[in-house]
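This report refers to the structure that appears directly beneath it.
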Amino acid sequence: MARHRDTETVHAGEPEPRIGGAVAIPIFQSAMYVDEGDPGYHDIRYIRLNNTPNHEAVAAKLATLEGGEAALVTASGMAAITTSLLTVLSAGDHLLVQDCLYGGTHGFVTRDLPRLGVAYDMIDPDDPGSWKGKVRENTRAVYVETISNPLMGVGDLAAVVAFAREHGLVSLIDNTFASPINFRPLEHGFDVLLHSGTKYLNGHSDIVAGAVVGSEELLAGIKCMLDHLGGSLDPHACFLLHRGMKTLALRVERQNATAAHLARFLHEHDRVTRVHYPGLPDHPGHERAVELFDGMGGMLSFELEGGLEAADAVLRSLTLPIVAPSLGGVETLVTRPAATSHKGMSPDERSAAGIDDGLIRVSVGIESADDLLDDFERALDAL
Ligand code: PLP
């Protein structure tokens, strides 16, 4: 019988036999390794070539958790995303991307790729009927995110896979917000998945890292590109990511439960006008999320009566959550996307995307749900 995922978070990818008997994999702080024959360039053991014992152990754990043949870890989520896109796309190609993307990815697709001769079109991930008109002869890939930021949208992911197969496209998905505990894209037919390992995978807000998972064949190409671009994760960060992933299932299950609790509480509070959480029945992606996901995630956002002024007052008044961007760590973080992650968009663009200036995004941590709810209740009641 296959082992459960929470068992795999602890045991998958661990070196066999344990190195020197060490229960925790040691940090191999060595840039290069003794030459053992005549390997090809990409097989020479060297940190930039992503093949030291720390790289291999953490990649094997990740491949098992995501159900992929192969995995790579990278120096950041953006290194994973840019390296993968640069592998599957060449000058003259065309890419379809979802219209609401993480800001760094949006910048790369809209500013850097065109300079390299790659064109793109945006698609509404909720409206498969509109995609066909955007496919061109040179379209090579389609790129989406499991849960979009900051309104927690869940696109028609099954339709993305079917569409990619029909048109011979490589399908890529950023699975950062869900983590493999809540959703495993490869099981649903995606070709490549990406992570900002900075977030849930590591979970402790203390490193920047990324990951790519997929077939042996696709990953071999992405590894060559990563070797050349040089976005390698250093062994100490590999070790921390590996350690963080051992508690991934525990953390995410707790974050799912507390976020659901907080979402219901906010939904019922009379100063809150809207809550965006896929676990709530009135969320537009609710049915799809229930069908696809094992858990609804630890991310939510909400709007208040009194808009921006009320949002700023709540952010000032909360004592437990830390006001900071980013997500997925053990500490609860709150941020106002219009002032941080989505500041690069014009007010008109934000308004077209439904992002209110007073929207507050919460990345739920692993604190006691009672303490967290008490703090939110106090801050809201003070409005
Ligand atoms: N993808 C998503 C969904 C993100 O939220 C982020 C960062 O916030 C990234 C990718 C980029 O990751 P990193 O900051 O590790 O490069």
Side-chain angles (χ1 to χ4, degrees), residues 58 62 66 71-86 97-113 125 143-155 157 172-183 185 190 192-213 222 226 229-234 237-238 240-241 244-245 252 255 276 278 285 293 297-301 322 324-329 331 333-345 353 355 359 361-364:
V58 67
L62 194 63
E66 286 283 12
L72 276 171
V73 287
T74 60
S76 66
M78 282 311 296
I81 292 164
T82 55
T83 304
S84 300
L85 286 172
L86 289 172
V97 285
Q98 103 177 19
D99 49 12
C100 187
L101 283 173
Y102 166 65
T105 312
H106 183 270
F108 180 70
V109 167
T110 59
R111 290 200 284 276
D112 300 323
L113 283 183
Y143 183 103
V144 293
E145 295 177 357
T146 310
I147 300 174
S148 67
N149 185 19
L151 301 178
M152 312 307 146
V154 183
L157 303 179
L172 301 101
I173 183 165
D174 180 333
N175 200 34
T176 300
F177 271 44
S179 94
I181 304 305
N182 288 338
F183 182 60
F190 278 92
V192 179
L193 71 90
L194 297 317
H195 278 283
S196 168
T198 314
K199 315 294 185 322
Y200 286 101
L201 294 183
N202 178 59
H204 292 75
S205 316
D206 52 10
I207 58 165
V208 169
V212 190
V213 192
I222 296 169
L226 184 64
L229 293 179
S232 308
L233 193 63
D234 103 300
C238 286
L240 288 173
L241 177 60
M245 278 169 55
V252 170
Q255 286 161 320
H276 306 271
F293 300 165
M299 298 295 300
L300 61 90
S301 54
I322 301 166
S326 199
L327 60 123
E331 317 77 3
L333 302 182
V334 284
T335 188
R336 201 163 59 71
T340 54
S341 53
H342 293 70
K343 200 175 179 169
M345 290 167 91
I355 304 167
L359 183 79
R361 190 188 76 180
V362 188
S363 167
V364 172

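Atoms within each ligand, like the ligands themselves, are counted from 1 in listed order.
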> To the nearest 0.5 Å, how far apart are NE2 in His276 and CG in Leu151?
Replying inline: 5.0 Å
>> Under 4.0 Å from a heavy atom of Ser76: which atoms of ligand 1 are those, numbered in the order shown and with their elements?
In response: 15 (O), 16 (O)
>> Are more than 12 heavy atoms, taken from residues, nucleotides or ligands other than His204, located less than 6.0 Å from that residue's NE2 atom?
In response: yes
> Hey, does Met78 come in under 3.5 Å of ligand 1, counting only N/O atoms on both sides?
Replying inline: yes
>> What protein heavy atom lies closest to atom 15 (O) of ligand 1? Include the residue and the distance to one decimal.
In response: Thr198 OG1, 2.6 Å
> From Leu327 CG over to Lys199 NZ, what is the distance, rounded to the nearest 0.5 angstrom?
Replying inline: 5.5 Å
> Looking only at protein heavy atoms, which one is nearest to atom 11 (C) of ligand 1, and how far off is it?
Replying inline: Tyr102 CE2, 3.4 Å
>> Out of Thr105, Thr74, Asp174, Ile207, who is nearest to atom 2 (C) of ligand 1 when you count heavy atoms only?
In response: Asp174
> Short N/O distance, under 3.5 Å, between Val208 and ligand 1?
Replying inline: no
> Got a second to check how far Leu193's CG is from Asp174's CG, nearest 0.5 Å?
Replying inline: 9.0 Å
> Under a 4.0 Å heavy-atom limit, does Leu194 contact ligand 1 with its side chain, its backbone, both, or neither?
Replying inline: neither
> So which heavy atom in the protein is nearest atom 8 (O) of ligand 1, and how far is it from that ligand atom?
Replying inline: Lys199 NZ, 2.8 Å
> Taking only heavy atoms of Ala209, which atoms of ligand 1 are found under 4.0 Å from at least one of them?
Replying inline: 15 (O)
> How many angstroms lie between CZ in Arg361 and OG in Ser341, if you round to the nearest 0.5 Å?
Replying inline: 5.0 Å
